[in-house]
**Q** 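My structure is below; once you've seen it, I'll send some questions.
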There are 2 protein chains.
Amino acid sequence: MNIGQAAEASGVSAKMIRYYEQTGLIPKAARLESGYRDYDEADIHRLRFIRGARDLGFTVEQIGALLALWSDRGRASADVKALALGHVDALKQKQAEIGAMIATLENLAKRCHGDDRPDCPIIDGLAADEAGAPRRRAPRRFGKVDALRA
Amino acid sequence: MNIGQAAEASGVSAKMIRYYEQTGLIPKAARLESGYRDYDEADIHRLRFIRGARDLGFTVEQIGALLALWSDRGRASADVKALALGHVDALKQKQAEIGAMIATLENLAKRCHGDDRPDCPIIDGLAADEAGAPRRRAPRRFGKVDALRA
DNA sequence: CTGGGCCTTGCCACGATGGCAAGGTCAAGG
DNA sequence: CCTTGACCTTGCCATCGTGGCAAGGCCCAG
């Protein structure tokens with residue numbers, strides 16, 4: 001099966017399949033004499049797995065761990081569960097952070113009369129420190145942000 | 001005022017101040033004879049405004065629009081409010097998407113006994129199409145993702 | 001055999017941010 | 001006055017996951 005067909009069948013773009021191969025997330029695909037990559041059902045299955053995990057907001061790195069567990073017959077389901085639940089925690093935290101932003105914005109908006117006069121608590125409130133959020137920076141463990149960008 | 005002091009006073013890193021200047025979000029800073037950038041109170045105020053907007057999840061691009069409104073004495077507060085409420089909608093949508101991920105994951109986790117046996121609905125469920133989410137891609141209108149990465 | 005549609009690789013871009021390096025500047029202390 | 005260290009300057013590279021484009025090779029149908 002061609003990379004194009006594999007992409008079609010798995011829902012992962014050809015571009016990303018090559019990328020995943022390049023970064024070692026998936027093994028190097030078999031090649032036909034022509035140099036074309038060749039995929040079988042097992043490959044498709046793996047790609048679909050990756051797609052599902054991506055859609056659930058797992059990082060490619062985390063998916064690497066999941067794939068290892070997937071192919072490990074002797075894995076403990078507890079390990080998988082721990083990984084998943086840890087991710088749920090991270091998602092919940094993000095949700096909370098977004099919730100805080102929403103609350104602040106709605107609060108500011110509520111106090112803005114929203115007519116054609118220039119006074120606006122939103123504008124004023126932004127420069128004040130009302131935004132809170134102590135500004136921490138962390139080593140990017142979220143990923144699949146795009147699923148969240150709408 | 002030095003860039004370092006401006007960073008300290010505004011909560012925006014020196015690096016980002018230079019970046020904002022480079023991309024035209026803020027006007028080019030005045031320079032001392034030494035070549036050092038020089039900031040006054042108005043600059044700090046603007047930087048603090050940017051910082052606040054960033055913390056509320058606005059894109060740098062959106063902040064550009066906000067800044068324009070900010071410095072426009074004749075602006076209608078309705079414009080600002082519309083921008084803010086539109087952003088709130090986007091945030092709510094992201095929250096909902098994350099919520100869907102959480103629901104799916106918790107559902108899978110609930111059905112995973114989580115012991116040392118290898119069977120795991122989480123692993124199995126990922127390859128199936130349970131993840132839903134019709135895979136749309138859009139032109140990046142969120143930004144300040146880092147605030148959400150925790 | 002030719003055309004169009006695949007495939008190959010490789011490089012550039014995004015957004016917002018950090019990091020590093022090489023060199024200039026400034027202020028405090030000897 | 002000179003040294004030292006902290007700061008500034010610019011410029012380039014990396015991140016993460018994805019898309020796009022280009023030049024060249026392959027494959028199938030007409």
Side-chain angles (χ1 to χ4, degrees), chain A residues 1-26 28-39 47 50-51 53-64 133 135-150, chain B residues 1-9 11-26 28-39 47 50-51 53-64 90 133 135-150:
Chain A
M1 189 147 55
N2 267 347
I3 198 174
Q5 296 166 319
E8 180 82 15
S10 66
V12 178
S13 76
K15 196 70 191 265
M16 292 318 297
I17 296 178
R18 295 194 196 99
Y19 172 73
Y20 293 149
E21 177 179 329
Q22 202 187 348
T23 58
L25 182 67
I26 56 179
K28 289 185 181 172
R31 298 288 185 135
L32 299 175
E33 285 187 30
S34 61
Y36 283 23
R37 287 175 183 80
D38 188 36
Y39 299 91
L47 286 170
I50 292 173
R51 215 279 207 159
R54 236 28 222 107
D55 284 347
L56 287 179
F58 286 96
T59 305
V60 170
E61 199 182 4
Q62 292 172 315
I63 296 176
R135 201 68 160 185
R136 68 252 145 315
R137 321 228 76 259
R140 254 147 238 281
R141 56 182 139 286
F142 186 58
K144 188 49 203 274
V145 173
D146 291 287
L148 314 176
R149 302 208 197 206
Chain B
M1 189 146 54
N2 268 347
I3 198 174
Q5 296 166 321
E8 181 83 15
V12 178
S13 76
K15 196 71 191 265
M16 293 318 298
I17 296 177
R18 293 194 197 100
Y19 172 73
Y20 293 148
E21 177 179 330
Q22 201 186 350
T23 57
L25 182 67
I26 56 178
K28 289 185 181 172
R31 299 286 186 137
L32 299 175
E33 285 187 29
S34 61
Y36 284 21
R37 287 174 183 80
D38 189 35
Y39 299 90
L47 286 170
I50 292 172
R51 214 287 202 143
R54 239 21 227 105
D55 284 346
L56 287 180
F58 285 97
T59 303
V60 170
E61 200 183 3
Q62 291 173 316
I63 297 176
R135 201 69 159 183
R136 67 251 143 318
R137 324 226 78 261
R140 253 146 240 281
R141 56 179 137 285
F142 185 57
K144 188 48 204 275
V145 174
D146 290 288
L148 313 176
R149 301 207 198 209

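Excluded from the calculations below are hydrogen atoms, water molecules and symmetry mates; all remaining heavy atoms, backbone and side chain alike, are included. These numbers were taken from a predicted model, which means no experiment stands behind them. Quick note on labels: first sequence line is chain A, next is B, and so on, each numbered from 1.
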**Q** What is the distance, to the nearest angstrom, from the CD atom on Q5(A) to the P atom on dC7(C)?
**A** 7 Å
**Q** Heavy-atom nearest nucleotide on DNA chain D for G35(A) versus I3(B): which residue maps closer to 5'?
**A** I3(B)
**Q** Nearest to the side chain of M16(B) - dC7(C), dT18(D), dT17(C)?
**A** dT17(C)
**Q** Closer than 4.0 Å, any side-chain N/O of Y19(B) to the OP1 or OP2 of dG18(C)?
**A** no
**Q** Nearest-Å distance, CE (M1(A)) to P (dC6(C))?
**A** 16 Å
**Q** Looking at dT9(C), dA16(C), dT25(C), which one has an atom nearest to any side-chain atom of R37(A)?
**A** dT9(C)
**Q** When you compare the side chain of R37(A) with that of E21(A), does any pair of heavy atoms fall below 4.5 Å?
**A** yes
**Q** For dC26(C), does OP1 or OP2 lie under 4.0 Å from any side-chain N or O of S34(B)?
**A** yes
**Q** Just wondering, do I63(A) and Y20(A) contact through their side chains at under 4.5 Å, heavy atoms?
**A** no
**Q** Starting at CZ of R51(A) and ending at C1' of dT18(D), how long is that distance when rounded to a whole Å?
**A** 14 Å
**Q** Any side-chain heavy atom of N2(B) sitting closer than 4.5 Å to one from Y36(B)?
**A** yes
**Q** Rounded to whole Å, how long is the line connecting atom CZ of R54(A) with atom C1' of dG17(D)?
**A** 6 Å
**Q** Using a 4.0 Å heavy-atom cut-off across all strands, classify R18(A) as base, sugar-phosphate, or nothing.
**A** base
**Q** Identify which nucleotide among dG18(C), dT10(D), dG19(D) has an atom closest to any side-chain atom of R31(B), counting heavy atoms from C-beta outward.
**A** dT10(D)
**Q** Atom CD1 of I17(A) and atom P of dC6(C): how far apart are they, to the nearest Å?
**A** 15 Å
**Q** Measure from the side chain of N2(B), starting at C-beta and using heavy atoms only, and say which of dT17(C), dC7(C), dC7(D) lies closest.
**A** dC7(D)
**Q** Hey, does L25(A) have a side-chain heavy atom less than 4.5 Å from the side chain of E61(A)?
**A** no
**Q** Has T59(B) got a side-chain N or O lying under 4.0 Å from the OP1 or OP2 atom of dG15(C)?
**A** no
**Q** Do the side chain of Y36(B) and the base of dG24(C) come within less than 3.5 angstrom through a donor-acceptor pair of N or O atoms?
**A** yes
**Q** For Y20(B) and dG15(C), what is the distance between atoms OH and C1' respectively, to the nearest whole Å?
**A** 10 Å
**Q** Taking CD from Q22(A) and C1' from dC11(C), how many angstroms apart are they, rounded to a whole number?
**A** 11 Å
**Q** Nearest-nucleotide wise, let me know which of E33(A) and D38(B) is further upstream toward the 5' end of DNA chain D.
**A** D38(B)
**Q** Rounded to the Å, how far apart are I63(A) CD1 and dT18(D) C1'?
**A** 14 Å
**Q** Let me confirm one number: the CE-CD1 distance from M16(A) to I26(A), rounded to the nearest 0.5 Å.
**A** 10.0 Å
